[in-house]
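Down below is the structure, laid out as structure tokens.
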Amino acid sequence: MKKIPQIVKDAAQDLIKLYGDAFDYLGKYEGADVYSYHFPDGSCTGYPFLYLLKDGKLDEVSGTPALYIVDLLVENINESSIE
């Protein structure tokens, strides 16, 4: 398990205060390490919050771009069927 850098935790302080300290390391995207805030199971939160760390610089990504990155990095995403 990859250690979550303090710069990522600092950027996610509001989420950590509300939901706890939980992150997933997703891999590399365009040379940046990608960390995803992991909401508690059963939470209805909308788009994921991603933190991209490269050369000491942190970028926060959400919305449609975050879904694109998650789709590239995560295999076997559970997709709900739409009827």
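Val70 and Tyr68 end up in the same hydrophobic cluster when Ile, Leu, Val, Met, Phe, Trp and Tyr side chains are linked at under 4.5 Å. When the side chains of ILVMFWY residues are joined at heavy-atom separations under 4.5 Å, either directly or via intervening members, Val61 and Tyr29 end up in a single hydrophobic cluster. Leu26 and Leu67 fall into different hydrophobic clusters, where Ile, Leu, Val, Met, Phe, Trp and Tyr are joined by side-chain heavy atoms under 4.5 Å apart, directly or via other members.
Here the straight-line distance linking atom CG of Leu18 with atom OH of Tyr37 works out to 8.0 Å at 0.5 Å rounding. Note: Ile16 CD1 to Lys9 NZ = 6.5 Å, rounded to the nearest 0.5 Å. How far CG of Leu50 is from CG of Asp24: 10.5 Å, rounded to the nearest 0.5 Å. The structure places CG of Leu72 at 9.0 Å from CD of Glu30, a figure rounded to the nearest 0.5 Å. To the nearest 0.5 Å, atom CD1 of residue Ile7 and atom CG of residue Leu58 are 5.0 Å apart. One finds the CG atom of Leu52 at 10.5 Å from the OG atom of Ser36 (value rounded to the nearest 0.5 Å).
In this structure, the ring of Tyr25 has its center no less than 6.0 angstrom from the ring center of Phe23.
Ring pair Phe39/Tyr19 is perpendicular by interplanar angle, where above 60° counts as perpendicular and below 30° as parallel.
Between Lys54 and Asp33 there is no salt bridge, since none of the side-chain N atoms of the basic residue sits less than 4.0 Å from a carboxylate O of the acidic one.
In terms of heavy atoms, Pro65 sits closest to Ser62 at CD-O, 3.4 Å.
For the pair Tyr35 and Pro5, the minimum side-chain heavy-atom distance is below 4.5 Å.
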